[in-house]
Amino acid sequence: MSSSTPETVAAATRYLDAITQGLADALAEDEHVVLIGIDVGAGGGIFAATRGLHERFGPERVLDTPISEMGYVGAAVGAAMTGLRPIVEIMFMDFVTVCLDPIVNQAAKLPYMTAGALSVPIVFRTQTGAGRSAGAQHSQSLEVMFAHVPGLKVVMPATVTDAHDLLLDSVRDPNPVLFIENRRLYGMRGELDQDPLPLGRARIARAGDEVTVVTWGQSLRECLAAADRSEVSLEVLDLRSLVPLDIETVLESVSRTGRLLVVHEAVQDFGAGAEIAARVADELFDELLTPVRRLGAPAVPMPFSPLLERSLLPNADAIAEAATSLRKEG
Amino acid sequence: MSSSTPETVAAATRYLDAITQGLADALAEDEHVVLIGIDVGAGGGIFAATRGLHERFGPERVLDTPISEMGYVGAAVGAAMTGLRPIVEIMFMDFVTVCLDPIVNQAAKLPYMTAGALSVPIVFRTQTGAGRSAGAQHSQSLEVMFAHVPGLKVVMPATVTDAHDLLLDSVRDPNPVLFIENRRLYGMRGELDQDPLPLGRARIARAGDEVTVVTWGQSLRECLAAADRSEVSLEVLDLRSLVPLDIETVLESVSRTGRLLVVHEAVQDFGAGAEIAARVADELFDELLTPVRRLGAPAVPMPFSPLLERSLLPNADAIAEAATSLRKEG
Amino acid sequence: MRAQSADGRPATDGLSPVQRFERMALIRSFELKVSELYRDGDIPGFVHTSLGQEAVAVGVCGRLARDDYVATTHRGHGHCLAKGADPGAMMAELFAKGTGLCHGKGGSMHVADPGHGILGANAIVGASIPIAVGAGLSSRLLGQDRVSVAFFGEGSVNQGAFHEAANLAAIWDLPVLFVCENNLYAEFTDSSRMSRVPSVTARCAAYGIEAHEVDGNDVAAVSEAVDDALGRCRSGSGPILLEAHTYRWQGHYEGDAQPYKPEAEVTNWKARDPLVLERGRLVVAGEATAEDLDAAVRGAEDIVERAVSDARQADDPDPMEAYADVLINA
Amino acid sequence: MRAQSADGRPATDGLSPVQRFERMALIRSFELKVSELYRDGDIPGFVHTSLGQEAVAVGVCGRLARDDYVATTHRGHGHCLAKGADPGAMMAELFAKGTGLCHGKGGSMHVADPGHGILGANAIVGASIPIAVGAGLSSRLLGQDRVSVAFFGEGSVNQGAFHEAANLAAIWDLPVLFVCENNLYAEFTDSSRMSRVPSVTARCAAYGIEAHEVDGNDVAAVSEAVDDALGRCRSGSGPILLEAHTYRWQGHYEGDAQPYKPEAEVTNWKARDPLVLERGRLVVAGEATAEDLDAAVRGAEDIVERAVSDARQADDPDPMEAYADVLINA
Ligand SMILES: Cc1ncc(C[n+]2csc(CCOP(=O)(O)OP(=O)(O)O)c2C)c(N)n1
Ligand SMILES: Cc1ncc(C[n+]2csc(CCOP(=O)(O)OP(=O)(O)O)c2C)c(N)n1
Ligand SMILES: [Mg+2]
Ligand SMILES: [Mg+2]
């Protein structure tokens, strides 16, 4: 946990509580920080992530909005340009489709278009997470859309400590940051680090020497489970952010293992995994023992049926199998 | 030109005229086809692409809208669900940020979510094209955002005949199609094919045997110019559509040349080129003589300055250089 | 053969007062059962019931022809049942079974039944409004006399999609009936706090759209207002809005404990139970006896019981359904 | 030291009537020159001039303090000059030079000058409205008494962004002055065809926002209306809208031949040239002599000439500027 944070958090904290704590710490350490979103105030958020903050920090710091994402996300960008440091919530990642402009055309570009005269220190806080029958319009992982747009950082915490630490780092960052939680992880428990890894660095979540597995978000759990059960030795890297992309850590690992599997919950086709695969296949052309493989969701919308949905998401078995087959190939 | 098209088009047609002709043919051949957009009617479109259509087909077939993209694109989707075949214009591709929902969450998903009970035969017609100092909010090539979303076809005509033929194919397609023109090509002249290549097939724009260059949109011209001046023999493939992706034609070519360069105007990082690179590097791991390389714009918004802008776009020189260096590597 | 409504429109589905009661009883039973099943974990995903709002659904849809269109929201079960969707196929959909209306791929938030003119529930607040307007456009341009109904909550009026779509329907004089169910809340938020003008009727003046308020718990009043409006809609004079004042009995979603609602408010509204009110009216007017109506309620309960037991026994969707209906073969 | 405006606000920048005339003359000269330069190919990109609308820019900005905010549109030159941006740095920006306000990276559609409270022109119709609302939020939450002005055209009122942002400013009682320049056209479209309620003032009733119409060609009338409004905005009672009736002399963009405008309309509006009107008023009222005003016009022309010759001689941006200001170092 950050040294400037006064609060202590109980051991075995839930990911959701780590988010709440991160928000509270951000609000406490800088009076320019405000929370803005639908039902983030008195209601405490539909996942209870902001519970208690309205009471503690008051309605001038924690602002409920109408169902007007284009309006309030745009206003948050304007507020960030003029002295506030808003954390603005987009309830489900799928809803970026109604408020993409302030993120992609405004926040991401204004510092550049004004040659740095304006800055936009803002956190767009959202969550994704397929696997709960939320249907095709509430299950999308669209991180590649944002990683592709210059001027945005894209952060995807996969652990409890990162839920807290990366959130605080994001708020302190002078750039617009898209902070993507995963609601499947909200109930997960873990410890908060005393000495957090900064934003921009990948973490070796499990050391190994035969196949490097690069992932982020909820897929990390599946990858770790695969590492547990696989006879192949997997080195699991949690990317933590897509922008900045810590390609050095990835290259260092793959140059040791000679094999790479990229795993993500998002659709595989034209997904963020392709960038990592393309970079590594290029830069380690002579070192790679086997082709770089990717494992993402197939190119279909997420179905409602839990059975169908489960059949589409990369799970520990599929990951272990892909790793084994890579190991066998060369 | 399609056989069902009554009109004939003069030789050495402009790309822009081929679009107009494609729209006219579509309106003429199917009375369910309507055009919808800002100033597409009496005004004839800000690039004159719809000139004359309002007069010829009347205000019930060619509909001017208020500046309400979310409303009219959404309405066009609703119309496509109920018997019309709308061609709806989004004036600049950058404006998808104000109307992404009807494209990504509605049109792309409704057929799936309803198990095929609904279909959405619609063409989202838009244009992009950096290189004319249009600034960061009028210059983006965002095709990867759509190629990543299951349920959409993504078409990018790079030639005069494709401007016409692929447009007609898109209108006849039972699926939602994002049709992305390039305004830098509007003045380009060329011939209309008698026997058009169907949507979904890549075209070998130039045969060669040392380096395969895969591209689409305005970059095709640069690639062909590079092929002209390069001592290396380039095989240039015009992908024509990202979805469907004609990976077979790409694999066939690269398995002959052993080398691949992917070129696009969009930002390279997390761009569509990464998917093609990753696929080929995986499937032709043993055949590739050199790493797959990509050439796209660097991760910066497009600056206004023509000088700066030019320095960022992949041009014939850079393409030729990249090809030469690939040839030298192995 | 077909019954004629006041405006000469064939109204096969125009319900008699007793049929309306039956339909309301069906929705009531269905929603009560769904709430119970959700609590017990039999139904996955998110579920939003329409308990307390039955008179709006039936008052409106009871006056529509089978081929009139309806587009609705996350809270759409009642509208679908009132419009004629099969309760068995709907229940099977909520159970994510292969026999469901959408083969288990849509779920509660995406039930659709184009055969009954139901263009679907929708999980994006505001998104179905432009879709309904588009259906109205089809009707007008194809020379049909179908009306298109958009159901939405008062909270969604703050979305840009409402603003743009309402304006569009008005300038194009489309046969669209906007039905705003003002149930006082949007999620945990008292909607009157989210606009200085809580009256949706008053806000319609901005579009030049005729708007009327109606007691949404009085099915006869709603029917009458709708009859009036439909005639005008079909005559070509453009859209009309009805603001139906009603109340959401349950939480926003199943599982919401609703701490934000004053107890007296709940009590007062429950005292105006639309089924009880209509029962009283029918009996007093001599249109039905208490026994008839008890039988109607038992009939509804039977239908729902059968729907549940059929759904339980039905097969899961075929695993290949996960891959079907993404893109239709051209 | 500082002059005080009626409401006690320090108004260093509050312009006297003669200064207002000077400022209008500056805008007139600037825009005429820009039009000429664009025609001659000296200025790249898209350019939209504000000829004919000078009185709105000066009437509004002439009453603002330096630290009050302004956010504007594609047609923003006049607003920036009126708010105090340096004409030399602006012209250099339009020339895409390194000495430009944005180092040549923004251009006509993105001029910004935060030192004068100018949050930027914007190329996305409607996008600057929420940004201005956000600046108003900063002002309120940071306890400042700055007012935030959103300039926009009547065409953008049909965008969802306007609807959402206006409602938000109203419920949050923000110190925002909405200034709608109703110049009758949006691109090639007569805006009165795009809403049944062409009066923007009337449409404000939907938000409970006080709105007034003003003769936008009468700088004194605009000033007076603004003075009135500013006091109320700063008092905490929330936003106010002014609808300034005016006329766009030139085409939508430079190069547009405007076939869609009736000749008499153009003649009538040009007869109400805001500079001629104000000149007459000043002379009649004895506030200035014709000679004074001629001198003012010559002064403005000199400033613009100098701006042009400086811009011509200025250096292009450093090539490395293309890569700067994308992400700020954390
Ligand atoms: C674009 C978008 N924003 C937010 C949500 C989350 N959400 C779902 S329902 C709802 C409230 C809708 O309120 P109202 O329109 O009054 O309908 P009601 O639930 O009362 O029927 C919200 C905010 C969403 N689904 N889509
Ligand atoms: C979202 C979006 N849609 C369309 C456009 C294209 N466009 C630029 S200016 C304009 C007209 C704006 O009209 P109005 O708001 O009246 O401003 P005016 O040009 O009259 O100053 C349009 C449609 C755009 N830039 N952004
Ligand atoms: Mg409601
Ligand atoms: Mg205008």
Side-chain angles (χ1 to χ4, degrees), chain A residues 31-32 34 36 60-61 63-84 86 88 98-99 101-102 104-122 150-153 169-170 172-177 198-200 243-244, chain D residues 69 71 98 100-107 109-115 117-124 126-142 144 146 148 150 159-169 171-172 174 317 321 324-330:
Chain A
E31 62 178 14
H32 298 95
V34 293
I36 300 177
E60 301 275 285
R61 304 287 305 282
L63 291 93
D64 275 326
T65 66
I67 313 175
S68 304
E69 284 89 350
M70 185 67 96
Y72 77 74
V73 175
V77 169
M81 292 158 67
T82 51
L84 293 176
V88 60
V98 300
C99 57
D101 188 72
V104 160
N105 281 335
Q106 311 301 330
K109 294 180 172 49
L110 275 161
Y112 186 85
M113 295 192 301
T114 62
L118 284 169
S119 67
V120 188
I122 189 171
L152 295 173
K153 293 192 174 180
D169 271 0
S170 299
R172 292 171 183 158
D173 201 281
N175 297 291
V177 179
L199 201 174
V243 183
Chain D
Y69 296 112
L101 266 177
C102 306
H103 303 194
K105 293 159 75 169
M109 292 203 290
H110 300 293
V111 253
D113 184 1
I118 302 166
L119 301 175
N122 212 306
I124 305 296
S128 55
I129 309 175
I131 287 176
V133 168
L137 180 66
S138 283
S139 176
R140 206 199 83 187
L141 295 186
L142 297 173
Q144 302 162 338
R146 302 180 180 188
S148 180
Q159 277 284 15
F162 167 77
H163 176 71
E164 298 187 10
N167 186 56
L168 210 54
I171 61 168
W172 285 348
L174 299 182
E321 277 280 358
D325 310 313
V326 181
L327 287 172
I328 306 170
N329 283 338

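Residue numbers start from 1 in every chain, and the chains themselves are labelled A, B, ... in the order their sequence lines are given, proteins ahead of strands. Just so we're clear, the structure is a prediction, and the values are computed from it rather than from any experiment.
- D/Leu142 has its side chain within reach of A/His32: a pair of non-hydrogen atoms, C-beta onward, lies under 4.5 Å apart.
- Chosen from D/Leu119, D/Leu101, D/Leu174, D/Val111, the residue pairing most often with chain A at heavy-atom distances under 4.5 Å is D/Leu119.
- A distance-only check finds a donor-acceptor pair linking the side chain of D/Glu164 to the backbone of A/Met70 [under 3.5 Å].
- Comparing A/Lys109, A/Met81, A/Gln106 by how many heavy-atom pairs each has under 4.5 Å with chain D, the most go to A/Gln106.
- In this structure, chain D has no heavy atom under 4.5 Å from any part of A/Pro102.
- With hydrogens and angles ignored, the 3.5 Å screen pairs no side-chain donor or acceptor of D/Arg146 with any backbone N or O of D/Gly117.
- Residues D/Lys105 and D/His110 form no side-chain contact, since every pair of their non-hydrogen atoms from C-beta on lies 4.5 Å or further apart.
- Distance alone, capped at 3.5 Å, is enough to place a donor-acceptor pair between the A/Asn175 side chain and the D/Ile328 backbone.
- Note on D/Asn167, D/Asn329, D/Leu327: by heavy-atom pairs under 4.5 Å with chain A, the leading option is D/Leu327.
- Heavy atoms closer than 4.5 Å to chain D are found in the side chain of A/Val34, but not in its backbone.
- With respect to chain A, the highest number of heavy-atom pairs below 4.5 Å among D/Ala165, D/Pro114, D/Ala112 belongs to D/Pro114.
- Using a 4.5 Å cut-off between heavy atoms, D/Ala324 touches chain A through its backbone atoms (N, CA, C, O) alone.
- D/Glu321 CD to A/Tyr112 OH: the interatomic distance, rounded to the nearest 0.5 Å, is 8.0 Å.
- Heavy atoms of D/Tyr69 lying under 4.5 Å from chain A belong exclusively to its side chain.
- Here A/Gly116 is the residue among A/Gly116, A/Pro86, A/Ala76 with the most heavy-atom pairs under 4.5 Å with chain D.
- Side-chain contact check for D/Leu137 versus A/Leu63: some heavy-atom pair is nearer than 4.5 Å.
- Ranking A/Asp101, A/Val98, A/Ile67 against chain D, the residue ahead of the rest is A/Asp101, based on heavy-atom pairs under 4.5 Å.
- Inter-residue side-chain proximity for A/Ile122 and A/Val88 is flagged as met; some heavy-atom pair is nearer than 4.5 Å.
- Between the NZ atom of A/Lys153 and the CG atom of A/Leu199 there is a distance of 5.5 Å, given to the nearest 0.5 Å.
- For A/Glu31, no part lies under 4.5 angstrom from a heavy atom of chain D.
- Ranked by non-hydrogen atom pairs under 4.5 Å with chain A, the options D/Ile171, D/Asp113, D/Val133, D/Leu168 are led by D/Leu168.
- Heavy atoms of A/Ile36 lying under 4.5 Å from chain D belong exclusively to its side chain.
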